[in-house]
Amino acid sequence: MGLSAYVAKPGEQSVINVAMKNWITALIFLAATCIGGSGKHAEGQLLWPGPPKRAPIRVRLVAVAFADHPRSSFFSSHEVFVAETEIAHEEWSLIKLVFTFLPYQERLSESGFDYSVVHEVAAWRDQHCEQTVDQLTERSQPDRHEPLIYSRNVPRADLDGRNIPLPCYETNADDYIRSSFEPVAPAKPHGPVLRPDPR
């Protein structure tokens, strides 16, 4: 007896068509749910805080307020500076600069602790670490303050007692860009210069 193809009756065909439509509708709904769910998941990921936004800044080191001594052999260490950042051409403003480095990397103070050297770094602003100079030099023991160590050729050494919080910027050895030697011209005297009478 040979095999013969089975042909569904008209009533059976309508049942099969309805079942297929239901199956296709379920697949489309499932696909739409997956796509919509992944979109919401991606949107949630965008709201998660990402890495801080870095921007290049130019700084002159004024003084070091704190440094890890000795540096860690296994973990990162850091130095905290009072520095000046360029806010306009030949116009500088005081900031707090936190520089982090690993055991095999050079300290910032070792790469040119001189006011005449301008360092360019990629840094990010951290409003949570702003401090006054008085707070920067404060130590754990009551009423103990470590003096600032001023860099070479710094034109000012009068920061102790400043009570204005310094804007805080953070950077690290990986975000160090370059340095350049840019000596500061001596300040011009204000007003007329008195000259001795030649008579």
Side-chain angles (χ1 to χ4, degrees), residues 49-188:
K53 185 178 179 182
R54 292 163 167 76
I57 61 171
R58 287 164 43 88
V59 295
R60 292 182 185 271
L61 302 180
V62 176
V64 62
F66 175 82
D68 283 330
H69 286 294
R71 72 165 71 208
S72 171
S73 301
F74 302 101
F75 306 104
S76 61
S77 303
H78 70 283
E79 296 179 305
V80 180
F81 297 93
V82 176
E84 288 182 344
T85 185
E86 190 174 36
I87 56 175
H89 181 63
E90 295 185 359
E91 187 177 350
W92 300 76
S93 178
L94 284 173
I95 63 167
K96 171 186 172 183
L97 181 68
V98 180
F99 182 82
T100 305
F101 55 95
L102 295 172
Y104 57 87
Q105 294 175 317
E106 190 176 43
R107 295 175 181 270
L108 183 57
S109 59
E110 294 170 345
S111 64
F113 192 46
D114 189 322
Y115 188 80
S116 299
V117 176
V118 175
H119 302 273
E120 190 171 343
V121 297
W124 62 94
R125 178 78 184 273
D126 185 357
Q127 296 180 345
H128 300 292
C129 77
E130 294 182 358
Q131 290 180 303
T132 65
V133 172
D134 196 47
Q135 291 169 330
L136 278 173
T137 58
E138 195 173 51
R139 297 300 178 256
S140 57
Q141 296 180 4
D143 300 324
R144 182 183 170 194
H145 289 264
E146 291 289 331
L148 292 171
I149 300 172
Y150 289 89
S151 64
R152 290 183 297 275
N153 299 316
V154 68
R156 60 194 305 163
D158 58 348
L159 297 178
D160 296 319
R162 283 181 60 99
N163 293 320
I164 301 172
L166 300 176
C168 180
Y169 289 84
E170 295 189 41
T171 188
N172 55 54
D174 291 332
D175 288 324
Y176 189 87
I177 300 171
R178 61 178 164 268
S179 64
S180 55
F181 184 67
E182 300 179 21
V184 179
K188 296 178 181 178

Novice: What's the shortest heavy-atom distance between Ser72 and Ser77, and which atoms?
Specialist: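 It is N-OG, 3.0 Å.
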Novice: For Asn163 and Thr132, which heavy atoms make the closest approach, and how far apart are they?
Specialist: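 Looking at all heavy atoms of both residues, the shortest contact is O-CG2, 3.4 Å.
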Novice: Which atom pairs, donor and acceptor, lie under 3.5 Å between side-chain atoms of residues 97-110 and protein residues at least two apart or in another chain?
Specialist:
| from | atom 1 | to | atom 2 | distance (Å) |
| --- | --- | --- | --- | --- |
| Gln105 | OE1 | Leu102 | N | 2.9 |
| Gln105 | NE2 | Asp174 | OD1 | 2.9 |
| Arg107 | NH1 | Asp68 | O | 3.3 |
| Arg107 | NH2 | Asp68 | O | 2.6 |
| Ser109 | OG | Glu79 | OE2 | 2.5 |
| Glu110 | OE1 | Arg107 | N | 3.1 |

Novice: How many angstroms lie between CD1 in Ile149 and CZ in Phe66, if you round to the nearest 0.5 Å?
Specialist: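 It is 11.5 Å, given to the nearest 0.5 Å.
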Novice: Which value, rounded to the nearest 0.5 Å, describes the distance between Thr137 atom OG1 and Glu146 atom CD?
Specialist: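 Here the interatomic distance stands at 8.5 Å.
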Novice: Listed by chain and number, what are the side-chain contact (heavy atoms from CB on, under 4.5 Å) partners of Phe181, not counting sequence neighbours?
Specialist: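 Checked Phe181 against side-chain contact (heavy atoms from CB on, under 4.5 Å); matches are Ser116, Val117, Pro183.
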Novice: Can you see which heavy atom on Val133 is nearest to which on Leu159, and at what distance?
Specialist: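 Taking every non-hydrogen atom into account, CG1-O, 3.6 Å.
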Novice: Using 0.5 Å steps for rounding, measure from the CG atom of Leu94 to the CD1 atom of Ile87.
Specialist: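 It is 10.0 Å, given to the nearest 0.5 Å.
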Novice: Do any pairs count as a salt bridge (Lys or Arg N to Asp or Glu O under 4.0 Å) and have a residue in residues 111-125, sequence neighbours left out, and if so which ones?
Specialist: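 Listed once each, the pairs are Asp114-Arg152, Glu120-Arg178, Arg125-Glu130.
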Novice: Do Tyr169 and Cys129 have side chains that approach each other closer than 4.5 Å (heavy atoms only, starting at C-beta)?
Specialist: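 They are not in contact (no side-chain heavy atoms under 4.5 Å apart), so the answer is no.
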Novice: Tell me, with the steps shown, if Tyr176 and His119 meet side-chain contact (heavy atoms from CB on, under 4.5 Å).
Specialist: CA-CA 8 Å; Tyr176 189 87; His119 302 273; 2.7 Å; yes
Novice: Taking side-chain hydrogen bond (donor to acceptor under 3.5 Å, both in side chains) as the cut-off, I'd like each qualifying pair that reaches into residues 90-99, sequence neighbours left out, listed once.
Specialist: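 Sorted result for residues 90-99: Lys96-Gln131.
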Novice: Under 3.5 Å, sequence neighbours excluded: what are the donor-acceptor pairs made by side chains of residues 50-64?
Specialist:
| from | atom 1 | to | atom 2 | distance (Å) |
| --- | --- | --- | --- | --- |
| Arg54 | NE | Asp175 | OD2 | 2.7 |
| Arg54 | NH1 | Pro52 | O | 3.4 |
| Arg58 | NE | Glu86 | OE1 | 2.5 |
| Arg58 | NH1 | Glu182 | OE2 | 3.2 |
| Arg58 | NH2 | Glu182 | OE1 | 2.9 |
| Arg58 | NH2 | Glu182 | OE2 | 3.4 |
| Arg60 | NH1 | Tyr115 | O | 2.7 |
| Arg60 | NH1 | Glu182 | O | 3.0 |
| Arg60 | NH2 | Glu182 | O | 3.1 |

Novice: Name all residues meeting the side-chain hydrogen bond (donor to acceptor under 3.5 Å, both in side chains) criterion together with Arg71; count only those two or more places apart in sequence or in a different chain, and write none if there are none.
Specialist: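 So Arg71 forms no side-chain hydrogen bond (donor to acceptor under 3.5 Å, both in side chains) with any residue.
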Novice: Taking all non-hydrogen atoms of both residues, which atom of Tyr150 and which atom of Phe113 are closest, and how far apart?
Specialist: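 Taking every non-hydrogen atom into account, O-CE2, 3.8 Å.
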